[in-house]
Amino acid sequence: MSYVLFGVNGTGSSILEALLTELGEPYEVSFIDGAAGAHREPAYTAVNPQRKIPTLVTPEGETLTESAAVLLTLLERHDDDDGRLLPAAGTPERAQALRWLFFSAGELYPMVEFIDYPERMAPDEASAPVVKDRADSLWKERWRVLDGELGDGPFLLGEEFCAVDLHLGALSRWLDRTWRVENVPKVARLSDAVAARPALEEIWPRHFPKG
(Lines give C-alpha, C1' and ligand atoms only; values in the text may rest on other atoms or scores of the structure.)
Protein backbone atom coordinates (compact mmCIF):
# COMPACT_ATOMS: atom_id res chain seq x y z
CA MET A 1 0.00 0.00 0.00
CA SER A 2 1.13 3.55 -0.67
CA TYR A 3 0.08 7.01 0.39
CA VAL A 4 -2.81 8.58 -1.51
CA LEU A 5 -2.57 12.32 -1.99
CA PHE A 6 -5.70 14.22 -3.00
CA GLY A 7 -4.44 17.25 -4.83
CA VAL A 8 -4.61 19.88 -7.52
CA ASN A 9 -1.58 20.99 -9.51
CA GLY A 10 -0.14 24.27 -8.30
CA THR A 11 -1.83 24.14 -4.89
CA GLY A 12 -0.64 23.19 -1.42
CA SER A 13 -0.64 19.55 -2.46
CA SER A 14 2.61 20.35 -4.29
CA ILE A 15 4.31 20.63 -0.88
CA LEU A 16 3.38 17.12 0.14
CA GLU A 17 4.04 15.58 -3.25
CA ALA A 18 7.49 17.18 -3.22
CA LEU A 19 8.19 15.90 0.29
CA LEU A 20 7.06 12.36 -0.48
CA THR A 21 9.30 12.44 -3.54
CA GLU A 22 12.28 13.71 -1.53
CA LEU A 23 11.67 11.00 1.07
CA GLY A 24 11.40 8.32 -1.59
CA GLU A 25 8.07 7.10 -0.24
CA PRO A 26 5.58 5.48 -2.64
CA TYR A 27 2.45 7.50 -3.30
CA GLU A 28 -0.27 8.06 -5.84
CA VAL A 29 -2.07 11.28 -6.60
CA SER A 30 -5.83 11.42 -6.84
CA PHE A 31 -6.35 14.59 -8.82
CA ILE A 32 -9.32 16.74 -7.86
CA ASP A 33 -10.95 19.00 -10.44
CA GLY A 34 -10.88 22.14 -8.32
CA ALA A 35 -12.09 24.35 -11.15
CA ALA A 36 -15.26 22.25 -11.37
CA GLY A 37 -15.74 22.35 -7.62
CA ALA A 38 -15.11 18.63 -7.13
CA HIS A 39 -13.61 19.36 -3.70
CA ARG A 40 -17.11 20.39 -2.58
CA GLU A 41 -18.81 17.25 -3.82
CA PRO A 42 -19.91 14.49 -1.39
CA ALA A 43 -17.21 12.08 -2.58
CA TYR A 44 -14.42 14.37 -1.45
CA THR A 45 -16.27 15.79 1.55
CA ALA A 46 -16.39 12.25 2.90
CA VAL A 47 -12.58 12.26 2.86
CA ASN A 48 -12.07 15.81 4.11
CA PRO A 49 -15.11 17.56 5.63
CA GLN A 50 -13.26 20.89 5.38
CA ARG A 51 -13.38 20.48 1.59
CA LYS A 52 -9.87 21.82 1.23
CA ILE A 53 -6.75 20.64 -0.57
CA PRO A 54 -4.54 18.77 0.20
CA THR A 55 -5.55 15.60 1.99
CA LEU A 56 -3.25 12.65 2.55
CA VAL A 57 -4.47 9.14 3.31
CA THR A 58 -1.81 6.88 4.81
CA PRO A 59 -1.28 3.22 3.91
CA GLU A 60 -2.95 2.43 7.23
CA GLY A 61 -6.06 4.39 6.26
CA GLU A 62 -5.47 7.50 8.40
CA THR A 63 -6.67 10.79 6.96
CA LEU A 64 -4.26 13.68 7.43
CA THR A 65 -4.88 17.35 6.62
CA GLU A 66 -3.14 20.72 7.13
CA SER A 67 0.04 20.82 5.08
CA ALA A 68 2.40 21.82 7.93
CA ALA A 69 1.06 19.10 10.22
CA VAL A 70 1.29 16.48 7.47
CA LEU A 71 4.82 17.61 6.63
CA LEU A 72 5.95 17.10 10.23
CA THR A 73 4.15 13.76 10.47
CA LEU A 74 5.86 12.45 7.35
CA LEU A 75 9.24 13.59 8.64
CA GLU A 76 8.66 11.90 11.98
CA ARG A 77 7.85 8.66 10.22
CA HIS A 78 10.34 8.62 7.38
CA ASP A 79 13.20 11.11 7.76
CA ASP A 80 16.61 9.75 8.63
CA ASP A 81 17.86 9.99 12.20
CA ASP A 82 20.62 12.34 11.07
CA GLY A 83 18.09 15.03 10.23
CA ARG A 84 18.43 14.80 6.47
CA LEU A 85 15.34 16.90 5.83
CA LEU A 86 14.82 18.59 9.21
CA PRO A 87 17.46 19.49 11.82
CA ALA A 88 17.63 17.44 14.98
CA ALA A 89 15.29 18.25 17.87
CA GLY A 90 16.71 20.72 20.37
CA THR A 91 19.05 22.45 17.92
CA PRO A 92 18.90 26.16 17.02
CA GLU A 93 18.43 25.15 13.40
CA ARG A 94 15.38 23.08 14.28
CA ALA A 95 13.90 26.03 16.19
CA GLN A 96 14.31 28.34 13.20
CA ALA A 97 12.91 25.76 10.79
CA LEU A 98 9.79 25.38 12.93
CA ARG A 99 9.53 29.15 13.41
CA TRP A 100 9.29 29.77 9.69
CA LEU A 101 7.21 26.69 8.94
CA PHE A 102 4.47 27.99 11.20
CA PHE A 103 4.92 31.52 9.88
CA SER A 104 4.37 30.12 6.41
CA ALA A 105 1.38 28.04 7.47
CA GLY A 106 -0.21 30.59 9.79
CA GLU A 107 0.67 33.99 8.36
CA LEU A 108 1.18 33.44 4.63
CA TYR A 109 -1.02 30.54 3.56
CA PRO A 110 -4.33 31.88 5.00
CA MET A 111 -4.02 35.16 3.10
CA VAL A 112 -4.43 33.36 -0.21
CA GLU A 113 -8.10 32.62 0.48
CA PHE A 114 -8.74 36.32 1.18
CA ILE A 115 -7.00 37.29 -2.07
CA ASP A 116 -8.59 34.64 -4.29
CA TYR A 117 -12.05 34.60 -2.70
CA PRO A 118 -12.63 37.99 -1.06
CA GLU A 119 -16.39 37.56 -1.40
CA ARG A 120 -16.22 34.84 1.26
CA MET A 121 -14.75 37.30 3.77
CA ALA A 122 -16.47 40.57 2.88
CA PRO A 123 -19.71 41.66 4.58
CA ASP A 124 -21.17 42.58 1.20
CA GLU A 125 -20.31 42.46 -2.49
CA ALA A 126 -19.16 46.07 -2.60
CA SER A 127 -16.57 45.43 0.09
CA ALA A 128 -14.93 42.47 -1.64
CA PRO A 129 -12.37 44.53 -3.62
CA VAL A 130 -11.30 46.29 -0.41
CA VAL A 131 -10.79 42.95 1.32
CA LYS A 132 -8.80 41.65 -1.65
CA ASP A 133 -6.53 44.71 -1.81
CA ARG A 134 -5.87 44.71 1.93
CA ALA A 135 -5.13 40.99 1.96
CA ASP A 136 -2.76 41.34 -0.98
CA SER A 137 -0.94 44.17 0.81
CA LEU A 138 -0.57 42.11 4.01
CA TRP A 139 0.51 39.05 2.03
CA LYS A 140 3.34 40.95 0.37
CA GLU A 141 4.30 42.70 3.59
CA ARG A 142 4.74 39.32 5.27
CA TRP A 143 6.91 38.06 2.44
CA ARG A 144 9.11 41.10 2.96
CA VAL A 145 9.45 40.15 6.64
CA LEU A 146 10.70 36.70 5.66
CA ASP A 147 13.02 38.10 3.01
CA GLY A 148 14.59 40.39 5.59
CA GLU A 149 15.38 37.41 7.83
CA LEU A 150 16.95 35.15 5.20
CA GLY A 151 20.71 34.89 5.06
CA ASP A 152 23.16 34.57 2.19
CA GLY A 153 22.63 30.87 1.49
CA PRO A 154 20.16 29.63 -1.07
CA PHE A 155 17.89 28.01 1.53
CA LEU A 156 16.11 28.97 4.73
CA LEU A 157 18.92 27.59 6.88
CA GLY A 158 21.74 28.67 4.60
CA GLU A 159 23.51 26.10 2.48
CA GLU A 160 21.54 23.14 3.83
CA PHE A 161 18.18 22.26 2.30
CA CYS A 162 15.36 21.30 4.67
CA ALA A 163 11.72 20.31 4.24
CA VAL A 164 10.49 23.77 5.24
CA ASP A 165 12.03 25.09 2.01
CA LEU A 166 9.38 23.08 0.18
CA HIS A 167 6.59 24.88 2.04
CA LEU A 168 8.08 28.30 1.41
CA GLY A 169 9.10 27.48 -2.15
CA ALA A 170 5.63 26.37 -3.14
CA LEU A 171 3.84 29.33 -1.55
CA SER A 172 6.30 31.77 -3.09
CA ARG A 173 5.26 30.56 -6.54
CA TRP A 174 1.88 32.19 -5.94
CA LEU A 175 3.63 35.55 -6.04
CA ASP A 176 4.01 37.20 -9.41
CA ARG A 177 7.50 36.24 -10.57
CA THR A 178 8.52 39.79 -11.47
CA TRP A 179 7.35 41.12 -8.10
CA ARG A 180 9.14 38.25 -6.35
CA VAL A 181 12.47 38.92 -8.04
CA GLU A 182 12.30 42.70 -7.61
CA ASN A 183 10.91 42.91 -4.06
CA VAL A 184 11.92 39.75 -2.22
CA PRO A 185 15.09 38.59 -3.97
CA LYS A 186 16.16 36.18 -1.24
CA VAL A 187 12.77 34.50 -1.37
CA ALA A 188 13.12 34.32 -5.16
CA ARG A 189 16.53 32.70 -4.74
CA LEU A 190 15.11 30.13 -2.30
CA SER A 191 12.23 29.41 -4.68
CA ASP A 192 14.63 28.81 -7.56
CA ALA A 193 16.88 26.62 -5.41
CA VAL A 194 13.93 24.41 -4.52
CA ALA A 195 12.92 24.19 -8.17
CA ALA A 196 16.46 23.02 -9.00
CA ARG A 197 16.32 20.05 -6.60
CA PRO A 198 17.18 16.91 -8.65
CA ALA A 199 14.44 14.89 -6.96
CA LEU A 200 11.83 17.41 -8.12
CA GLU A 201 12.83 17.78 -11.75
CA GLU A 202 9.71 15.96 -12.95
CA ILE A 203 6.99 17.07 -10.55
CA TRP A 204 7.88 20.73 -9.92
CA PRO A 205 7.35 21.91 -13.54
CA ARG A 206 3.95 20.19 -13.52
CA HIS A 207 2.89 22.23 -10.53
CA PHE A 208 4.59 25.48 -11.50
CA PRO A 209 5.17 25.57 -15.26
CA LYS A 210 5.61 29.34 -15.38
CA GLY A 211 8.42 29.41 -12.86
Side-chain angles (χ1 to χ4, degrees), residues 5 7-24 29 34 52-54 66-72 74-75 79 83-87 93-116 135-211:
L5 176 62
V8 177
N9 283 338
T11 70
S13 62
S14 63
I15 301 165
L16 302 184
E17 187 174 357
L19 179 58
L20 287 164
T21 302
E22 288 278 357
L23 288 168
V29 181
K52 292 187 176 182
I53 302 293
E66 307 305 321
S67 59
V70 180
L71 181 146
L72 290 175
L74 289 173
L75 291 171
D79 196 17
R84 181 169 63 93
L85 292 180
L86 193 67
E93 292 80 10
R94 173 75 161 234
Q96 290 303 310
L98 294 180
R99 171 193 179 189
W100 293 110
L101 173 61
F102 287 102
F103 178 85
S104 183
E107 297 291 332
L108 295 174
Y109 208 147
M111 300 309 301
V112 177
E113 186 172 8
F114 285 79
I115 296 168
D116 290 348
D136 186 65
S137 177
L138 287 171
W139 158 253
K140 291 176 178 175
E141 180 182 316
R142 291 171 184 178
W143 280 109
R144 290 189 179 97
V145 168
L146 172 63
D147 197 73
E149 294 289 322
L150 292 175
D152 296 328
F155 298 112
L156 173 66
L157 300 178
E159 296 298 325
E160 297 297 322
F161 168 78
C162 77
V164 181
D165 292 308
L166 298 174
H167 208 284
L168 295 169
L171 267 60
S172 70
R173 292 295 167 128
W174 300 340
L175 290 162
D176 176 77
R177 179 172 178 80
T178 300
W179 188 93
R180 186 170 74 227
V181 171
E182 293 179 353
N183 294 277
V184 286
K186 293 181 180 180
V187 169
R189 182 184 62 200
L190 181 152
S191 182
D192 290 343
V194 170
R197 294 284 297 173
L200 307 181
E201 62 180 356
E202 292 186 10
I203 71 163
W204 203 255
R206 168 163 52 80
H207 284 284
F208 306 109
K210 296 181 179 179

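In this chain, residues are counted from 1 in sequence order. Values below: every heavy atom of this structure, side chains too, minus hydrogens, waters and symmetry copies.
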Salt bridge (charged side-chain N to carboxylate O under 4.0 Å, His left out) contacts in which one or both residues fall within residues 198-207, not counting sequence neighbours: Glu17-Arg206

Pairs meeting criterion salt bridge (charged side-chain N to carboxylate O under 4.0 Å, His left out) with involvement of residues 136-146, two or more places apart: Glu107-Arg142, Asp136-Lys140

For [X] and [Y], which heavy atoms make the closest approach, and how far apart are they?
{"X": "Ser13", "Y": "His207", "result": "OG-CE1, 4.2 Å"}
{"X": "Trp204", "Y": "Ala18", "result": "CZ3-CB, 4.1 Å"}
{"X": "Ala195", "Y": "Arg173", "result": "CB-NH2, 3.3 Å"}
{"X": "Leu150", "Y": "Val187", "result": "CD1-N, 3.8 Å"}

Whether Trp143 and Trp139 hold their rings parallel, tilted or perpendicular, with breakpoints at 30° and 60°: perpendicular

Counterpart residues, side-chain hydrogen bond (donor to acceptor under 3.5 Å, both in side chains), relative to Glu149 (two or more places apart): none

Leu86 and its side chain to side chain contact (heavy atoms under 4.5 Å, CB included) partner, picked from Asp79, Leu71, Leu101: Asp79

Any donor-acceptor pair under 3.5 Å from Arg180 side chain to Ser172 backbone: yes

Within-4.5 Å side-chain heavy-atom neighbours: Leu146 and Val184: no

Option among Phe208, Trp179, Tyr109 that satisfies the ring pair (Phe, Tyr, Trp, His ring centres under 6.0 Å) test with Trp174: Tyr109

With Lys186 via salt bridge (Lys or Arg N to Asp or Glu O under 4.0 Å) - residues at least two apart: none

Residues in salt bridge (Lys or Arg N to Asp or Glu O under 4.0 Å) contact with Arg197, at least two apart in sequence or another chain: Glu22

Greater than 12 external heavy atoms within 6.0 Å of Phe103's CZ: yes

Which atom pairs, one a donor and one an acceptor, fall under 3.5 Å between side chains of residues 155-170 and the rest of the protein, sequence neighbours left out?
unit_1	atom_1	unit_2	atom_2	d
Asp165	OD1	Leu156	N	2.9
Asp165	OD2	Cys162	N	2.9
His167	ND1	Ser104	OG	2.8
His167	NE2	Ser67	OG	3.0

Rounded to the nearest 0.5 Å, how far apart are [atom1] of [X] and [atom2] of [Y]?
{"X": "Ile15", "Y": "Leu74", "atom1": "CD1", "atom2": "CG", "answer": "12.0 Å"}
{"X": "Leu171", "Y": "Leu108", "atom1": "CG", "atom2": "CG", "answer": "6.0 Å"}
{"X": "Asp147", "Y": "Asn183", "atom1": "CG", "atom2": "CG", "answer": "9.0 Å"}

